[in-house]
Trainee: 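Take this structure, written in structure tokens, and hold onto it; I'll ask about it next.
Atoms considered below: every heavy atom in the structure, side chains included; atoms not considered: hydrogens, waters and symmetry mates.
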Amino acid sequence: MKNASTASAFLICTCQGKLIHVSHNRNIDGKLPDILKSIENFVNRNEDSMRCERVACGSLEIERIRQKAFRGIVAIYHWQTTEIEHRCIVELKKKCRELEEIFETSRDGIVVANENGIYHRVNANYERISGLKREDILGRSGAELVALGMLSQSATEQVLLTGKPASLDQTFLRSQRHSYITANPLYDEKGNIFRVVTNVRDTTELHNMRIKLSKSQARLNRYSQLIKALAQEKESAVFRSVAMREVRNNALRFSRTDAPVLLMGDTGTGKEVLADFIHRKSPRAKEPFLKINCAAIPEHLLEAELFGYKAGAFTGASRQGKTGLFEMANKGIALLDEIGELPLQLQAKLLRFVESQEFYKIGDERPTKVDVRLLAATNRSLEALSGSKDFRADLLYRLKVLCIVIPPLREREEDILPLMQFFLEKYNRRYKQKKTFHQDLFKYFLNYSWPGNVRELEHLVERLVITSDDPVIAPSQLPMEILHTSGREVPEDGNIDEYNGISYTQARENFERSFWKRVRENHPSIRQAAKALDVTHVTVLKKIRRYVDESAVDQA
């Protein structure tokens, strides 16, 4: 043949003669069956020495390899080509070497399987990441490697099963390295899968960093909870009076049960702090503790906040529905603050929940069952509300299984000075100050009636720390209502001279009390009074409840 030269194709087979890899496959497509038949005969004859024979207009060299790195059959097929074919082959070999170098130097691990799932190519980084050697992989399928315990799962098998790309996270059993694996199918002209290429990205360092971050976050959360718990414990322990010692002992005793607890006391006495204490000391301390103020949420929204609603329950409802307070607090504790402000129609639904621990979401026909311990708090007389039919007596009895009454600050003078010092230290730390109290200041604090209780005392100390220019806080910096406390009653009406020495705040309080008392006497209907005064009936109701009659009913 003019301008002819010799070309070669390299074949690798298993010990049984199953083809793993062939170079220049397209150049010998028509001759491949004859070549594989000769290799099969060689295997059947169980020959160990190299054999050369004529096959399909060319020569075939066959040799059995039995080394540690590889066991199988290697064959080289030589045939004559024209000059043009020779140049094409040289160029293809050059491209093949280039692709081989790219394949081997890839930072990710790469493994290639044929249409039967048999791996026939693997790069060095796959060996590093997986901990498997080439001889462990070549000639075997993903299913076989899983069966042998070398892999936990095979993305190649998923691709062959579904015909679609597959991705998964895998920890290699030998190397214990974590990886993210992506396997993609390659299709021939007929649309059949003829290769599966799997890319393996080493995510070990990222995985370890996530674990460290998670542990650090967990430690930070534990430290934060501990610091918060210690701070709350210290704050709740600031008392000297016998009355507060009894309150604390009862709270500790009640915390060990699952019965409802009713916390009663004036505004600012620390009902919420006591509820926190009960939660921390209870067996549910690690479970949710959720709070809701019944007076702070509009009546038409309160039911949804407490019980939640089903998707599409009403116009404007969220498509996902809403999870209510009781469902979110499952296994934990829920606090209903200002329970006396709960509307009557919701009191019946709450009673059912207290008795059966189940409720119906708005728009739902099936009950929701939860396990929630209920705490309730109020600064009003629920007995008086019950007598005026504003609060259900049966609900009151269920909530009042256990009851703690927190005395106002004016009835426990022994606690005033310790609380002063505690709050002074607290706000000195917060605002980086070193303020102290003048000794003459204490008598004013002791003589004051503290209508706002502990909350009022705390806010006053904070204000003094912030506004005082001197390191020693003197009595001159106190507000007028404390400086001018005389202990005598201020007349509700009379000439202005009778108010000498009385603060504006006290005068205003007495004026409002007198004003709303007259409103109550002159307007039997609260709505009529609201219309006459040009204010909302809610405003009138709140004022009359505060200054005249706690059991006032909103009558039309």
Trainee: Examine distances only and state if a side-chain atom of Q357 and a backbone atom of V372 form a donor-acceptor pair shorter than 3.5 Å.
Mentor: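 Yes; at least one donor-acceptor contact below 3.5 Å.
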Trainee: Anything under 3.5 Å between a donor and an acceptor, one on a side chain of residues 413-420, the other on a protein residue two or more places apart or in another chain? List them.
Mentor:
unit_1 : atom_1 : unit_2 : atom_2 : d
D415   : OD1    : R240   : N      : 2.4
D415   : OD1    : S241   : N      : 2.8
D415   : OD1    : S241   : OG     : 3.4
D415   : OD2    : S241   : OG     : 2.7
D415   : OD2    : R412   : NH1    : 3.0

Trainee: For V370, is there any backbone N or O sitting under 3.5 Å from a side-chain donor or acceptor partner on N330?
Mentor: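 Looks like no, no N/O pair under 3.5 Å.
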Trainee: What orientation do H279 and F289 show, parallel under 30°, tilted 30 to 60°, or perpendicular over 60°?
Mentor: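 Parallel.
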Trainee: Counting C-beta onward and ignoring hydrogens, is there a side-chain heavy-atom pair between R245 and V242 closer than 4.5 Å?
Mentor: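 Of all side-chain heavy-atom pairs linking V242 with R245, at least one is under 4.5 Å.
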Trainee: Taking E458 first and then R463, would you say they form a salt bridge - that is, a charged N and a carboxylate O separated by under 4.0 Å?
Mentor: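 Salt bridge: no.
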Trainee: Do D108 and S106 pair up side chain to side chain, a donor and an acceptor below 3.5 Å, judged on atom types alone?
Mentor: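 No, because no side-chain N or O of D108 sits under 3.5 Å from a partner of the opposite role on S106.
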Trainee: Do the side chains of K426 and E462 get close enough for a salt bridge, i.e. N-O under 4.0 angstrom?
Mentor: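 Salt bridge: no.
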Trainee: When you look at K271 and D266, which way does the salt bridge (charged side-chain N to carboxylate O under 4.0 Å, His left out) test go after all the steps?
Mentor: CA-CA 9 Å; K271 298 184 290 295; D266 293 350; over 6 Å; no
Trainee: Quick one, L460 and L457 - any side-chain contact, counting heavy atoms below 4.5 Å?
Mentor: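 Answer no - side chains too far apart.
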Trainee: Can D169 and R201 be counted as an ion pair, charged N to O under 4.0 angstrom?
Mentor: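 Salt bridge: no.
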Trainee: Please determine if R380 and E338 form a salt bridge, counting it only when a charged side-chain N lies under 4.0 Å from a carboxylate O.
Mentor: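 Salt bridge absent between R380 and E338.
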Trainee: How are the rings of Y448 and W450 set to each other: parallel, tilted or perpendicular (split at 30° and 60°)?
Mentor: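 Geometry flag for W450 against Y448: perpendicular rings.
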Trainee: Any donor and acceptor pair, going by atom type alone, linking the side chain of K369 with main-chain N or O of S356 inside 3.5 Å?
Mentor: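 Yes, K369 side chain to S356 backbone: donor-acceptor pair under 3.5 Å.
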Trainee: Looking at K281 and D276, is there a salt bridge between them, counting it only when a charged N and a carboxylate O are closer than 4.0 Å?
Mentor: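 The answer is no: the pair does not qualify as a salt bridge.
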Trainee: So R455 and T269, side chain to side chain donor-acceptor pair (under 3.5 Å) or not? Walk me through it.
Mentor: CA-CA 7 Å; R455 184 182 296 125; T269 50; over 6 Å; no
Trainee: I'd like to know if the side chain of S388 pairs up with that of D390 as donor and acceptor (distance under 3.5 Å, no hydrogens or angles considered).
Mentor: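 Present: a donor and an acceptor within the cut-off.
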Trainee: Consider side-chain contact (heavy atoms from CB on, under 4.5 Å). Of L262, L263, T257, L375, which one does L402 pass it with?
Mentor: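 Only one of L262, L263, T257, L375 forms a side-chain contact (heavy atoms from CB on, under 4.5 Å) with L402, namely T257.
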Trainee: I'd like to know if E305 and K322 make a salt bridge, using a cut-off of under 4.0 Å between side-chain N and carboxylate O.
Mentor: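 Salt bridge flag = yes for K322 with E305.
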Trainee: Using the six-membered ring of Y360, assess whether NZ or CZ of K349 lies under 6.0 Å from its centre and within 45 degrees of the ring axis.
Mentor: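 Here K349 fails the 6.0 Å and 45° test against Y360.
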Trainee: Using the side chain to side chain donor-acceptor pair (under 3.5 Å) rule, take T182 and N199 through it: C-alpha gap first, then chi angles, then the decisive distance, then the call.
Mentor: CA-CA 5 Å; T182 304; N199 182 276; 5.6 Å; no
Trainee: To check you understand the geometry: which heavy-atom pair defines the closest contact between A474 and H438, and what is its length?
Mentor: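 Smallest interatomic distance, heavy atoms only, reads CA-CB, 4.0 Å.
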Trainee: Does the side chain of E303 pick up a donor-acceptor pair with the side chain of Q345 at under 3.5 Å?
Mentor: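 No donor-acceptor contact under 3.5 Å links the two side chains.
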Trainee: Can you check whether I292's main-chain N or O pairs, donor with acceptor, with D337's side chain at less than 3.5 Å?
Mentor: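 A pair under 3.5 Å: no.
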Trainee: Any side-chain to backbone donor/acceptor pair from R352 onto F359? Under 3.5 Å, distance only.
Mentor: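 Such a contact is absent between R352 side chain and F359 backbone.
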Trainee: Would a distance-only check, ignoring hydrogens and angles, find a side-chain to backbone donor-acceptor pair under 3.5 Å from K435 to V465?
Mentor: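 Yes; judged by distance alone, with no hydrogens or angles, the pair exists.
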Trainee: So does G332 get a backbone contact from the side chain of R284, meaning a donor-acceptor N/O pair under 3.5 Å?
Mentor: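 Looks like yes, one N/O pair under 3.5 Å.
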Trainee: Could you check if a side-chain atom of L290 sits within less than 4.5 angstrom of a side-chain atom of I333, using non-hydrogen atoms only?
Mentor: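 Heavy-atom side-chain distance check fails, nothing below 4.5 Å.
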Trainee: Start with the C-alpha gap between Q347 and L344, add the side-chain angles, then the distance that decides, and say whether side chain to side chain contact (heavy atoms under 4.5 Å, CB included) holds.
Mentor: CA-CA 5 Å; Q347 292 178 23; L344 274 171; 3.5 Å; yes
Trainee: Would a 4.5 Å heavy-atom cut-off, applied to side chains only, mark D202 and Y180 as touching?
Mentor: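 Side chain of D202 against side chain of Y180, heavy atoms only: no contact under 4.5 Å found.
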Trainee: May I ask you to test the V472-T436 pair for a side-chain heavy-atom distance under 4.5 Å?
Mentor: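 Answer yes - side chains close enough.
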Trainee: Can you find a heavy atom in the side chain of R373 that is under 4.5 Å from one in the side chain of V261?
Mentor: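 Touching, per the 4.5 Å side-chain cut-off.
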Trainee: Would you say the side chains of Q170 and S152 form a donor-acceptor pair under 3.5 Å?
Mentor: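 S152 and Q170 do have a side-chain donor-acceptor pair below 3.5 Å.
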Trainee: Hey, are H178 and T203 close enough side-chain-wise for a donor-acceptor pair under 3.5 Å?
Mentor: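 Absent: no donor and acceptor within the cut-off.
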Trainee: Indicate the atoms forming the closest heavy-atom contact of G340 with L385, along with that distance.
Mentor: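 For G340 versus L385, the nearest heavy atoms are O-CD1, 3.9 Å.
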Trainee: Does S179 reach the main-chain N or O of I181 with its side chain, forming a donor-acceptor pair under 3.5 Å?
Mentor: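 Not confirmed, S179 side chain does not pair with I181 backbone.
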Trainee: Under 3.5 Å, is there a donor-acceptor pair linking the side chains of R177 and S130?
Mentor: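 Side chains of R177 and S130: no pair found under 3.5 Å.
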